[in-house]
Each structure stands twice: as C-alpha cells, then as structure tokens.
Amino acid sequence: MPELPEVETIAGYLRQGTAGSPGLIGRKAIKVHLLWSRSLERPSEGELQARLPGQVLQSITRRGKFLLLHFNLDTLLFHLRMSGDLVVDGNQANLLTDPQSPITHPQSSHIRFILNFEDGINLVFVDPRKFGRIWLVRDPGEVVGGLGPEPLDPDLTTGKFCQLLNAHRRLIKPLLLDQTFLAGLGNIYTDESLNLARLHPCQPAHLISPAQAEVLLNAIRTILRQAINHRGASIDWVYRGGNFQNHFRAYQRTGKPCLNCGSLIERIVVGQRGTHYCPNCQVIVS
DNA sequence: AGCATTACCCGCACGC
DNA sequence: TGCGTGCGGGTAATGC
C-alpha cells in the first residue's frame with residue numbers, strides 16, 4: 001500500500017485509532033509473533049523477542065515510505081513495499097495471539113508479524129507479496145539515514161530542488177523514484193506529479209530550468225497533499241479505504257483524456273516501470 | 001578505478 | 001492455462 005500519502009495515512013490510523021480500533025500511543029508491548037521470518041531484517045527473532053516486550057510506544061512518525069514506531073528504548077521500523085499493510089486489532093485477540101490457531105481474520109493467510117500490546121490489542125502486519133521489511137534498532141538513522149529530503153519539508157526550497165535536479169543526467173521519472181534523491185514518491189505519485197507539471201517522464205533532469213523545477217516541486221506538493229486529504233489511494237485487490245484513485249490524472253488512465261489538454265493518455269515503460277503520460281502536453285525540453 | 005545509472009529479481013494475486 | 005502486470009528497492013551488472 002505504500003507511497004508517502006498511504007504511509008502517512010496509516011501512521012495517523014495507528015496513532016489515533018479508527019472507528020473499529022484503538023490508537024497505540026502509550027501502550028506497552030508484550031510479545032512478538034513472527035510468522036514469516038524473512039520479513040524481519042534485523043535483529044534476529046530472538047533478540048527482537050528479548051528487547052521489545054516491556055517497552056512503551058512513545059510516538060509514531062513517517063520518513064519517506066518508512067513507518068517508525070518509537071518505543072522508550074528502541075525504534076521499530078516498517079517498510080510496506082508493494083503490498084504490506086498494518087492494522088490494529090483489538091477484537092480478535094484470542095485468535096490472533098496464537099499464530100497456530102485457525103485465524104478467521106480476513107487476510108489471515110498473509111499475516112507476517114503480530115505485536116501484542118497490553119489489553120488484548122494487536123498490531124498486525126499483513127503482506128501478501130512478502131516484500132515488506134521490519135527493523136528494530138536503537139538509532140533509526142541506521143535504516144533511514146540515506147534517504148533524500150522530504151518533499152513536503154519547507155526547508156526544501158525551489159532553488160535547492162533545482163540544484164539537486166540539475167546535478168543528475170538521469171531521466172526525471174527514475175530520479176524522482178530514487179529514494180536517496182527524494183523520499184516518498186512512488187510510481188503513482190510520480191506519474192501524477194509529472195502530468196500536473198506538464199513534464200515528460202523521460203525529460204533529462206539536468207536540462208530542467210529553474211522555472212520548471214518550481215512548477216514540478218509545487219505539483220509534487222499539491223498532489224501529495226490532495227492524496228493525503230483523500231487518505232491515499234486503494235489499488236487492485238489491496239484496499240485500505242482511501243479513495244484518491246478516483247482522482248488520478250494519469251496513472252491507469254491509458255486512453256482517457258488528459259485533464260490538462262484533452263489528448264489521450266498513453267502508457268509507456270520507463271525504467272522498467274509502467275508510466276502514464278500525455279504525449280501532447282508533457283513534452284521533452286532542451 | 002570509481003562513481004552513476006540500469007537490469008534482474010524477489011512472492012503473490014489478478015485480469016485478459 | 002499461461003502470461004503480463006504491479007503503491008518497491010537491494011544488488012549485480014553495465015556504462016561513462
């Protein structure tokens with residue numbers, strides 16, 4: 001489920017809770033259940049089990065597409081990759097507490113990790129494709145230290161952004177997808193942002209003018225804020241409740257009219273990723 | 001040689 | 001049934 005808006009939305013759910021589930025802040029961890037060992041990047045399962053229980057959750061933050069659960073001693077990090085999701089379950093404690101039991105959870109066969117808190121509240125990591133990863137570390141910088149700037153951070157000025165862009169000869173789309181360049185954009189929001197900014201996904205980054213860089217950064221921020229307001233997008237069989245998919249400009253709109261100019265959106269492949277753009281108003285400049 | 005960029009590939013579910 | 005596709009990114013391979 002995860003690009004910046006979806007991870008931000010999930011962070012909010014975990015902090016404040018939802019209609020059907022309580023928030024997690026201030027709760028004490030009791031026990032860990034790892035059902036797919038490769039979901040855990042580090043430390044070992046034994047060390048995780050030895051360190052995390054007894055710790056109290058202080059706060060929940062997001063950095064790029066990472067979700068950070070700050071406990072009093074350690075930080076538990078999740079990366080949802082392609083299909084991961086985190087849900088709080090306070091109603092089926094007796095079933096979820098025992099991973100060997102015939103769980104009747106809707107996505108039970110894809111549960112990879114469960115963290116039991118006090119009062120029968122569980123944080124459940126669901127991940128059909130098994131690409132998601134979990135870390136427990138003293139210093140979260142060990143995991144997220146290499147990320148590029150946050151697109152919504154006001155400290156990222158248009159001038160800085162243009163400088164960063166012009167330092168690379170790469171195509172703009174793969175560059176925006178590179179998390180060490182900018183943290184949080186994925187395939188959807190890159191296509192959306194480039195369409196709004198009227199930039200071709202194959203535009204070489206070093207040829208982007210200061211004026212275009214400003215338009216692009218503003219477009220990225222506009223799209224991300226809109227997506228967050230809609231609680232992210234729900235795509236394919238992975239449904240989380242957000243409805244930004246109903247407001248896509250380019251992504252998965254092949255053959256439909258561009259919202260800028262009415263020409264038909266086309267699908268090409270750029271950097272091994274399906275890419276949706278308008279061949280009329282998103283043109284390469286030199 | 002050494003950095004920047006590109007191609008593979010990892011489970012699984014779904015639609016054509 | 002078979003094949004292409006996919007809200008991602010680590011790593012090997014290649015390019016400059």
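Bear in mind that the values here come from a model prediction, so they are computed numbers and not experimental data. Numbers restart at 1 for each chain; the letters A, B, ... are given by sequence-line order, proteins then strands.
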For a 4.0 angstrom threshold against heavy atoms of chain A, report the outermost contacting nucleotides of DNA chain B in 5' to 3' order. B:dT5 to B:dC14

Fit a plane to each ring of A:H230 and A:H247, take the angle between them on a 0 to 90° scale, and name the class: parallel (under 30°), tilted (30 to 60°) or perpendicular (over 60°). tilted

Which nucleotide, if any, forms a Watson-Crick or G-U wobble pair with B:dG11, using both distances under 3.5 Å? none

To the nearest angstrom, how far is A:N243 atom CG from C:dC7 atom P? 19 Å

Base versus backbone protein contacts along nucleotides 8-13 of chain C [heavy-atom cut-off under 4.0 Å; B, S, -]: BSS---

Counting only Watson-Crick or G-U wobble pairs whose two distances fall under 3.5 Å, which nucleotide matches C:dA12? B:dT6

Look at all strands and tell whether A:R133 reaches a base, only sugar-phosphate, or nothing, counting heavy atoms closer than 4.0 Å. nothing

Please determine whether the number of non-hydrogen atoms from other residues, nucleotides or ligands lying under 6.0 Å from atom CZ of A:R231 exceeds 12. no

Does C:dC7 have OP1 or OP2 sitting under 4.0 Å from an N or O in the side chain of A:R231? no

Between C:dT5 atom C1' and A:R267 atom CZ, what is the distance in whole Å? 7 Å

For the pair A:F66 and A:H79, name the ring-plane relationship: parallel under 30°, tilted 30 to 60°, perpendicular over 60°. perpendicular

Who does C:dC7 pair with, Watson-Crick or G-U, both distances under 3.5 Å? none

For the pair A:F181 and A:F161, name the ring-plane relationship: parallel under 30°, tilted 30 to 60°, perpendicular over 60°. tilted

Take the angle between the ring planes of A:F78 and A:F125 and call it parallel below 30°, perpendicular above 60°, tilted in between. tilted

Within this structure, what is the CG-to-C1' distance between A:L67 and C:dC7, rounded to whole angstrom? 15 Å

Using a strict 4.0 Å threshold on nitrogen-to-oxygen distance, state whether A:E3 and A:K65 make a salt bridge. no

Check every strand shown and say whether A:G271 touches a base, only sugar-phosphate, or nothing at a heavy-atom separation below 4.0 Å. nothing

Please report the distance separating the C1' of B:dT5 from the corresponding atom of C:dC7, rounded so that it comes out in whole Å. 23 Å

Sticking with atom P, work out how far B:dG11 lies from C:dA12, rounded to a whole angstrom. 16 Å

Using the purine O4'-C1'-N9-C4 or pyrimidine O4'-C1'-N1-C2 torsion, is B:dG11 syn (within 90° of 0) or anti? syn

Rounded to the Å, how far apart are A:Q272 CD and C:dG6 P? 12 Å

Below 4.0 angstrom, N of the basic side chain to O of the carboxylate: do A:R112 and A:D127 qualify? no

So, are A:K160 and A:D155 salt-bridged, with charged N and O less than 4.0 Å apart? no

Regarding A:E142 and A:R42, does a basic nitrogen lie under 4.0 Å from an acidic carboxylate oxygen? yes

